[in-house]
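I have a structure here, written as structure tokens, and I will follow up with some questions on it.
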Amino acid sequence: MIKFVLMVNQQGQTRLSKYYEPVELSKRAALEAVAVRCCLSRGKHQCSFVEYKDFKLVYRQYAALYVVVGVTDSENELSIYELIQNFVEVLDKYFSRVSELDIMFNLDSVHIILDEMIQNGHIVETNKSRILAPLTAIDKMADGSETTPDTPRFAIKL
Amino acid sequence: MSDVVEKTLTALPSLLSLDSQPGSAKLSSNSKLGNLIRGITELTSKHEEEKLIQRELLLIKEQVSSPNTTMRQMKELMVRAIYCEMLGYGVSFSYIHAIKLAQQGNVLEKRVGYLAVSLFLNESHELLLLLVNTVLKDLQSTNLIEVCMALTVVSQMFPKDMIPAILPLVEEKLNHPKEIIRRKAVLALYKFYLIAPNQVQHIHNKFRKALCDKDPGVMSASLHIYLQLIQENPEGYKDLAPSFVTILKQVVGGKLPMDFNYHSVPAPWLQIHLLRILSLLGKNDQSTSEIMYEILDESLRRAEMNHNITYAILYECVKCIYTIYPKSDLLEKAAKCIGNFVLSPKINLKYLGLKALTYVVQQDPKLALQHQMTIIECLDHPDLIIKRETLELLFRITNDQNVTVIVEKMLDFLRISEDDHTTIDLVGKVAELAEKYAPDNEWFIDSMNAVFSLGGDLLQPDIPNSFLKLLSEGFDSVEEDRKLRLFAVNSYISLLQGDSSKLPQRFLQVICWVLGEYSHLREDLEPDVIVRLLAKLLDMKSSSSETKCWVLMAMTKLCPSGAALALVHNVSETYSSSLDTMLRQRAQELQIFSQDSELQAKVLPRSASMEPVEVDSSLSFLDGFVSEALAAGAAPYKPPHQRQEELSRSKALSLEPYGLSLPISMSSCGIADRQSPTLLSISSGLSGDSADFSHKGSSTVLKLDGVKRLWGRDGYLAQKESTEEAPRIEAASPVWSADQPGDNNALNGQTPTPTPTPECDQEKQQLASSLFVGLASQSSVCLMGKSDSTSQRFRRKTKASGSSEQITNPLISPSDGSDNLLYKNLLDSPDLDVSPPEQTPGLAAPNGSCDAEEESSDTDLKEIETPPIRDERVTAEASPDDDPDGSKDPSLTSHLPAELSALSHSDITPLFSKQNLDVSACHVQKEDSVVLVVFISNCSDSFLQQIRLQVDSEELEVSCVSDCPSEESKSHSVAVCQYFLTVKRPSVHFDLSVTVSWAPPAGSPRKAQVSYRLPLTTFIRALRLSTEEYGAMWLAFSHDTKQNLTLIQDGPDPLAATLDVLKRKLQLHVVEVMGVEAIVACCLQRDQPCLMHCRMHAGMLAVWLRSPVPDLPDCLLYCCQRALQEL
């Protein structure tokens, strides 16, 4: 089972966090800090799975951004490792070449994508086009009603 | 793709740092969100962040409550609020506005509203109720996107009580033409099942429909429900196994649309999901497993592509193959697969390979042998995670021959590990292995020393407790005990003579206890030397006051003289004015005892250290205190398991620094004990107790259970054979030696050895032979269920049976003076140890008044000296009422079948008598079944024909053992029929209808129907359990009932008398009696247990029954009531 999904940059700043089991707000910061430290301290040739308290962290690095997923011991770590890749590929498809800024400025969209993929700690959809279907539909409707998008998403493509 | 991401992401920092960059400038000027994000990225310290966010929060707060804020602005505000909360700043003021946004916004705004709700609120938040109407409205919307959103939020969180309000709407969506709606509806139902399974019980057929949906997305959504259902009850879904196999076949065969592929692997996560379901279904089930072999084989074959995701599938496949009923060629292929994993240069695969191997060696230890060189390499791997996983693997293959090497490796790891959680876990494992397989005393004590010094004060308290218990209880040989203790004493003396300031407090406490208790074994040493060593500890700055207490207690036990005596006086003087009450108490005791050696010898008799103490563990002497406290308005006591349940409900992910999140190995036993009702009273006493007791409770909790065992006493069962087969192992273990080319090649085929330098190689081979010794002889088939014939060194003494009140604990042994005093003072209540002697396991019919039973109960009564309570009427109750005089018919008794005549049977009751045909019946209670015997006697002089007998019952299953030998009956003969009776569903009484038809010599055939009634008690058998087993079972049972029963008040001990009646009449087994409480167990026909917890309270007996069988607790309660009333 998946316990949480984090996106954190190398400076340890949280870019996205989603918990599938209730964690008190006050404890989240500490948890995230330790999780990031665990992952940052590891080299390229070390295993992408880290033991952390009574669960495991599966992490994957994309440039300065880390995606960290906390799972229970019974979970198949490698499948989660690939799930992260799938998630980033979906983001890449949606934002056409995703960057850390996209994630920051479109936190809501990223959350909506994640909600399509993982629910209650289980993987519910991995088909890219199906994951994006509801969000693109919403975007289309919103585009129809508003002439100028107020998100700067379209402005920061590199 | 990741290259692209990398490129874009590496460009980020420069972009963010320069305001002159066009992109960045645009961002910041464009929106407030942009401002916030820019501000956050530029931050350099936590302090700045706090200032920035506080400012931001004020802004948001102001705007959300302003009536002029549009929904579009509100949406932006919500995203900003989400941001702030993500950074750890509470935004509770905006929760209500999130709900409002979901209610009133247009599509995108609505989605953000729902999103904010799902991020802000947890499932029990009361504001969630306000969302119900919105969800209801959106579910009925004509806009599919809104329906979609509503279903998404419902499948994330929904108030349990409001499910009925939307259930019909969600159900309706299962037939929606759009797949996405159907899929989301299934996921919503899954959520409902998770939070309130009984609410969706009636729509299980709809789950099946979803499983058969033509869209693969809907089908895979339904698998979530099925995985859950099958986990809970694999038996109920065996019929679906072929369907799952077919689905997997189609997926593996590439029948799904292309967009389900991930890196050209068809729906990998779906495959993994299906494999998990299959392994649950095939576990211990040969016929179901057979359906799967083909597809598993194909999955192994297909997954040849070199990509991570195929390995993820392979891993799941291998696990499945080793979980289901074994098939040799599949096992072989799976083993080869694991080989590929562990030999892979990719570290992630190596890790997974080790994990798979750890799972598999429990069934097939030989596999570890095959990969021994790889395992040894992993043991020296620079990555700690790999090392750790390898140790986990070694832990599973430990036996008494390789224990020293493996424990050494574990201790090596502990010395470099910095993670507290790992330390606690590993230290527990070392302690477990040391106790289980220690080859000799020296090694055991040294290993335990390492455990104590490495584990430090993180150590679980049950490790030192169980170690001390082991020392004090001793083993079967007195001489061995003495040697072990002496060695411990020597070891500790030399430790104290060195630098003791670095030793952890827990370890010092253990040392103090052992020296206080056993230093007299060193006859050459004056107690003064010990006293001086101990006094050194008192002067150390690092010693905690708890440790000082232990030091003083140890000194109290020693008999110092001369100079040491002066030292002791000094010490007691110093600490008798300490601010710590415990310390002061100990100092007082030390003072008194050191002045009066006679008193000391009396209170602390040296030889008695092994004698168990009788402890009133129910702390009944505190009852008055408790009731006073209750009267004064104190909160009533809540049992620990209830508290724990509440705790776990409130926060599932434990983030307490190592407080509650114990490693499994530690908690398995502890939890069972903590939650069992047997210890409830101990804790209840503690809750309202004086400082002394709570001190004990918090710091030196007395765990009376044995050492925790991760996988049970016979967990890794393989090693049990090792001793008998030792000679063979000698020959087989050095697999890698050069003079066995045949063996070498065979193994090399699977595990090509990497070629290190020769010396290094030799070293590793040596290590290999020491690590994997004892494994070669194991057969590859699952060795489950072997009896425990191990050569375990430290086998605990078998406790005297029946002495349920005797608690042996080193920490409060009689030689522990102060405690003893305490107990002596407090235990002014009469001795409560009157647990009735065990009834002989032979079967005594509670309802048939047969001679054997009368005798046994009479002796029982004599022994426990309670007034004889016997009543024939109760026993007669079982027999049908139509013939009160129905007493034993000696002539019929002789017709009882030989195999039954030895067993006790109920009265033979005439059922009816007509025209010289007599039908009588009785029932015989066998160990695990009940047999109904019907006698048909022909008292006439004529010949009766066509005699047929039919026995039916609604609640019982009746199977014929032997029918009437013939359909005819000669004159004055008796025909005997036997029927096996098994309970279909529990009931207070079971009515059997017996139909007899016969043809008299003259006249038409006749038929008669009579009924025969059996009480539930006929099927109840004693269930012999240990207290620990009872505790574990108690929690697992879901059906329960509670009630107050009348006590039998006329004896000196009402509880014992009442229990005795229950035991006698209902065959209940009294597991343990603790003061005013007792735990009792029984089972319905061997496999349906029912547990009972009794407590004397206010002149009544409060009983609490639990069972996995519905209705059984209620029925049994009724029987108890009857049994007690009819006295």
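All values below were derived from every heavy atom in this structure, side-chain atoms included, with hydrogens, water molecules and symmetry-related copies excluded. Quantities reported herein were computed from a predicted structural model and do not represent experimental measurements.
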For this session: Please state whether the side chain, the backbone, both or neither of A/K93 comes within less than 4.5 Å of a heavy atom of chain B.
Result: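 No part of A/K93 comes within 4.5 Å of chain B.
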For this session: Go through the atoms of A/S129 and report whether side chain, backbone, both or neither lie under 4.5 Å from a heavy atom of chain B.
Result: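 The side chain, not the backbone.
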For this session: Select, from A/R60, A/Q11, A/E116, the one with the greatest count of heavy-atom pairs under 4.5 Å involving chain B.
Result: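 Top option by heavy-atom pairs under 4.5 Å: A/E116.
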Problem set entry | Most contacts with chain B, counted as non-hydrogen pairs under 4.5 angstrom, among A/T14, A/L91, A/V124 |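 Answer, by heavy-atom pair count under 4.5 Å with chain B: A/V124.
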Exercise. Just by distance, with hydrogens left out, do B/Y351 and A/E77 show a side-chain donor and acceptor under 3.5 Å apart?
Worked result: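 The answer is yes; a qualifying pair exists.
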For this session: Using a cut-off of 6.0 Å, state whether more than 12 heavy atoms not belonging to B/K346 lie near its atom NZ.
Result: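 Buried by this count: over 12 neighbours within 6.0 Å.
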Exercise. Are the ring centres of B/F341 and B/Y311 closer than 6.0 Å?
Worked result: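 Yes - the distance between ring centres of B/F341 and B/Y311 falls below the 6.0 Å cut-off.
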For this session: With a 4.5 angstrom heavy-atom cut-off, could you sort out which part of B/H273 is near chain A: side chain, backbone, both or neither?
Result: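 It is neither, since no heavy atom gets under 4.5 Å.
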Exercise. In terms of heavy-atom proximity below 4.5 Å to chain A, should B/I309 be classed as side chain, backbone, both, or neither?
Worked result: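 It is both, since atoms from each part get that close.
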Problem set entry | When B/L223, B/N122, B/T422, B/L187 are compared by non-hydrogen pairs under 4.5 Å with chain A, the top option |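 Between B/L223, B/N122, B/T422, B/L187, the count favours B/L187.
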Exercise. For the candidates B/K350, B/R183, B/H263, which exhibits the highest count of non-hydrogen atom pairs separated by less than 4.5 Å from chain A?
Worked result: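 If we count pairs closer than 4.5 Å to chain A, B/R183 comes out on top.
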Exercise. Looking at the rings of A/H122 and A/Y20, which for Trp means the six-membered one, are their centres under 6.0 Å apart?
Worked result: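 They do not qualify: ring centres at least 6.0 Å apart.
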Exercise. At a heavy-atom separation under 4.5 Å, does A/N86 approach chain B through its side chain, its backbone, both, or neither?
Worked result: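 For A/N86, heavy atoms of backbone and side chain both lie under 4.5 Å from chain B.
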Problem set entry | Toward chain B, the part of A/Y81 with a non-hydrogen atom under 4.5 Å |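 For A/Y81, the side chain is the part near chain B, not the backbone.
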For this session: Against chain A, work out which of B/H381, B/K184, B/K319 has the most heavy-atom pairs shorter than 4.5 Å and name it.
Result: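 The answer is B/K184.
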For this session: Assign the ring pair A/F4 / A/F55 to parallel, tilted or perpendicular, where the plane angle (0 to 90°) is split at 30° and 60°.
Result: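 Plane angle over 60°, so perpendicular.
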For this session: Measure the CZ-CZ distance between B/F260 and A/R130 for me, rounded to the nearest 0.5 Å.
Result: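 Reported value, rounded in 0.5 Å steps: 3.5 Å.
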For this session: Let me know which of A/I113, A/V69, A/I2 forms a side-chain contact (heavy atoms from CB on, under 4.5 Å) with A/I118.
Result: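 Of the listed options, the one satisfying the test is A/I2.
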Exercise. With respect to chain A, which residue among B/G88, B/C148, B/S155 yields the maximal number of heavy-atom pairs within a distance under 4.5 Å?
Worked result: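 Top option by heavy-atom pairs under 4.5 Å: B/S155.
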For this session: May I ask you to name which of A/S26, A/A30, A/S17 has the most heavy-atom pairs under 4.5 Å with chain B?
Result: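 Of A/S26, A/A30, A/S17, A/S17 has the most heavy-atom pairs under 4.5 Å with chain B.
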Exercise. Are any of the side-chain nitrogens in B/E76 or B/R80 under 4.0 Å away from the carboxylate oxygens of its partner?
Worked result: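 A salt bridge is present here (some side-chain N lies under 4.0 Å from a carboxylate O).
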For this session: Would you mind checking which part of A/Q46 comes under 4.5 Å of any heavy atom in chain B, side chain (CB onward), backbone (N, CA, C, O), both or neither?
Result: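 Both the backbone and the side chain of A/Q46 come within 4.5 Å of chain B.
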Problem set entry | Polar side chain donor-acceptor pair, A/N120 to B/Q156, under 3.5 angstrom |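 A/N120 vs B/Q156: no donor-acceptor pair found between side chains.
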For this session: For each of B/L36, B/I347, B/L384, tally heavy-atom pairs with chain A at distances under 4.5 Å, and name the one with the top tally.
Result: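 Among B/L36, B/I347, B/L384, the one with the most close pairs to chain A is B/I347.
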Problem set entry | Distance-only donor-acceptor check, side chains B/E109 and B/Y114, under 3.5 Å |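 Distance-only check fails for B/E109 and B/Y114.
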For this session: Would you check if the side chain of A/D92 reaches a backbone N or O of A/S96 as a donor-acceptor pair within less than 3.5 Å?
Result: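 Side chain of A/D92 to backbone of A/S96, a donor-acceptor pair under 3.5 Å: no, none is there.
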Exercise. If you count heavy-atom pairs under 4.5 Å between each of B/E179, B/E123, B/M157 and chain A, which one has the most?
Worked result: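 Of the candidates given, the most pairs with chain A belong to B/E179.
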For this session: Against chain B, label A/Q119 side chain, backbone, both or neither, depending on which of its atoms sit under 4.5 Å from a heavy atom there.
Result: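 Side chain only.
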